[in-house]
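These numbers come from a predicted model, not from an experiment. Chain identifiers are assigned alphabetically (A, B, ...) following the order of the sequence lines, protein sequences preceding nucleic acid strands; residue numbering begins at 1 within each chain. Values reported hereafter were calculated over all heavy atoms of this structure, with side chains retained and with hydrogens, waters and symmetry mates removed.
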2 protein chains.
Amino acid sequence: MSLRHAILVLLQDQEASGYDLAREFANSIGLVWNATHQQIYLELGKLNEQDMVKYRHIPQDGKPDKKLYRITEAGRDELIRWLRKPAAPPRIRDAFMVKIAGGALSEPSAVLRELEDQADLRRERLSTFEELAQALSERNSEKDTYTYLTLRRGILDQRAWLSWADEVRAELRKREDLPTSA
Amino acid sequence: MSLRHAILVLLQDQEASGYDLAREFANSIGLVWNATHQQIYLELGKLNEQDMVKYRHIPQDGKPDKKLYRITEAGRDELIRWLRKPAAPPRIRDAFMVKIAGGALSEPSAVLRELEDQADLRRERLSTFEELAQALSERNSEKDTYTYLTLRRGILDQRAWLSWADEVRAELRKREDLPTSA
DNA sequence: TATTGCTGCGCAATCCGTTGAATAAGTAGT
DNA sequence: ACTACTTATTCAACGGATTGCGCAGCAATA
């Protein structure tokens with residue numbers, strides 16, 4: 001349960017609205033933790049009650065008003081406290097992998113089709129991450145090290161997935177056009 | 001929400017009790033989806049209500065009675081239907097990665113310590129998977145192909161993580177003993 | 001002109017998941 | 001003899017997460 005901490009990490013160096021955070025969860029931090037806007041607004045509400053964040057109300061015209069949140073001392077303390085204690089290993093929940101495990105029930109060609117869809121996604125992410133990492137490493141500021149390392153994780157992960165996909169492709173093509181064993 | 005489907009996949013070729021399934025979730029399929037026994041019993045209850053599975057009540061002496069579940073026609077249909085429709089991309093929730101992203105607040109030495117703990121876990125898993133994959137590829141039966149591919153995924157994943165860890169180590173050692181930028 | 005999309009916030013219902021506990025009897029170890 | 005673990009199932013409470021909906025107005029596109 002550390003959506004709260006992911007939010008606090010993001011608020012560490014910027015003031016942001018719930019909407020801003022939602023966008024960041026879709027991008028940068030989304031690589032590491034994701035959440036919908038409903039969850040984020042809810043959690044911001046709780047964090048506010050607990051004085052971990054506070055906000056300024058910003059009236060806008062043309063657009064709806066917004067609340068710009070920033071982290072408080074108490075929030076930073078909580079974050080540091082959390083950073084100190086060991087994290088539980090991530091729980092794994094990959095529906096596509098469940099499909100592979102149960103793949104004997106499908107036709108190889110159907111599995112291959114979905115594999116390619118997933119591979120497209122991964123390739124897209126890979127190039128996004130690579131571009132971002134490139135940009136970061138050029139202006140080599142001290143502070144971005146951790147963002148860079150996070151991106152590297154994403155990059156290595158996509159590459160690993162794609163080479164696994166190569167293996168699956170090779171394996172399934174042998175079986176394609178053969179009758180299903182179901 | 002496809003714990004149900006993971007269960008159906010497991011019941012595809014064996015009759016099993018909730019307890020059996022729980023053990024399998026801790027091992028083989030746990031690599032791909034995990035669940036506690038409470039969840040499994042609950043889901044089996046629901047699946048039973050919906051006639052996707054049925055059970056035989058087996059009285060035992062010495063041990064508590066058990067219910068041996070098997071998949072029904074309706075269950076198999078549901079599974080096939082699910083296999084056909086594209087899977088949503090997995091949601092990512094990795095607390096350790098959130099820590100890296102917010103790492104500027106911690107001391108590098110603390111991050112390194114936790115990195116090594118995680119790395120130990122990964123190395124352990126890696127060798128388990130490698131042994132299992134080895135065993136599977138020796139008795140090369142048609143049917144195990146999918147299990148093998150699932151294991152390969154686990155193997156490549158652990159390796160990718162470990163080489164990422166090498167990068168982190170190299171990067172953080174530069175910063176070790178330097179004052180925190182917080 | 002109608003539709004879609006973006007900015008921005010929020011509620012309510014429901015479902016999924018975790019934690020903790022209870023029951024019950026056998027077996028293995030100190 | 002006592003403790004701990006394994007087999008086997010289930011309940012209760014809570015909190016996290018998803019889905020669906022609603023409001024509101026502006027900009028751009030079809």
Plane angle bin for B:Phe96 and B:Trp164 - parallel if under 30°, tilted between 30 and 60°, otherwise perpendicular | perpendicular

Pair A:Glu107 + A:Arg113: basic N to acidic O under 4.0 Å
no

Can you tell me if the side-chain N/O atoms of A:Lys66 get under 4.0 Å from OP1 or OP2 in C:dG8?
yes

Per atom distances to the B:Arg93 side chain, the nearest of D:dT9, D:dA17, C:dG8 is D:dA17

| Would you say A:Ser17 reaches C:dC9's phosphate, i.e. side-chain N/O to OP1/OP2 under 4.0 Å? | yes

In whole angstroms, the gap separating C1' of D:dT10 from CG of B:Leu21 amounts to 16 Å

Practice item. Taking only the side-chain nitrogens and oxygens of B:Arg23, find out if one of them lies under 4.0 Å from OP1 or OP2 of D:dT6. Key: no

Under 4.0 Å between any heavy atoms, over every strand shown, what does A:Gln38 touch: base, sugar-phosphate, or nothing? Just pick one.
base

Would you call B:Arg122 and B:Glu116 a salt bridge, taking side-chain N to carboxylate O under 4.0 Å as the test? no

Sorted by position of nearest nucleotide on DNA chain D, 5' first, the leading residue of B:Lys67 and A:Lys46 is B:Lys67

From CG of B:Asn34 across to C1' of C:dG17 the rounded distance in Å is 11 Å

**OP:** For the pair A:Glu49 and A:Lys46, find out whether any cationic side-chain nitrogen is under 4.0 Å from an anionic carboxylate oxygen.
**Re:** no

From CG of B:Leu44 across to C1' of C:dC16 the rounded distance in Å is 16 Å

Would you mind checking if B:Arg152 and A:Glu171 are paired as a salt bridge, meaning a charged N to carboxylate O distance below 4.0 Å? no

B:Tyr69 OH to D:dT9 P, in whole Å, measures 7 Å

DNA chain D nearest-nucleotide lookup for B:Asp20 and A:Gln39: closer to the 5′ end is B:Asp20

Out of D:dA8, C:dT19, D:dA17, minimum distance to the side chain of B:Gln60 belongs to D:dA8

Phosphate oxygens OP1/OP2 of C:dT7: is one of them under 4.0 Å from a side-chain N or O of A:Tyr19? yes

When rounded to whole Å, the CG to C1' distance for the pair A:Asp65 and D:dC26 reads 14 Å

Considering only heavy side-chain atoms of B:His37, the closest of D:dT9, D:dA17, C:dT18 is D:dT9

Atom OH of B:Tyr55 and atom P of D:dT9 are separated, to the nearest Å, by 11 Å

A:Leu42 CG to D:dT19 P, in whole Å, measures 16 Å

Atom CG of B:Leu3 and atom C1' of C:dT18 are separated, to the nearest Å, by 13 Å

Under 4.0 angstrom between A:Tyr41 side-chain N/O and C:dC9 OP1 or OP2: yes

Note to self: With a 4.0 Å limit, can you tell me whether B:Arg4 has a side-chain N or O closer than that to the phosphate oxygens OP1/OP2 of C:dC16?
What the structure shows: no

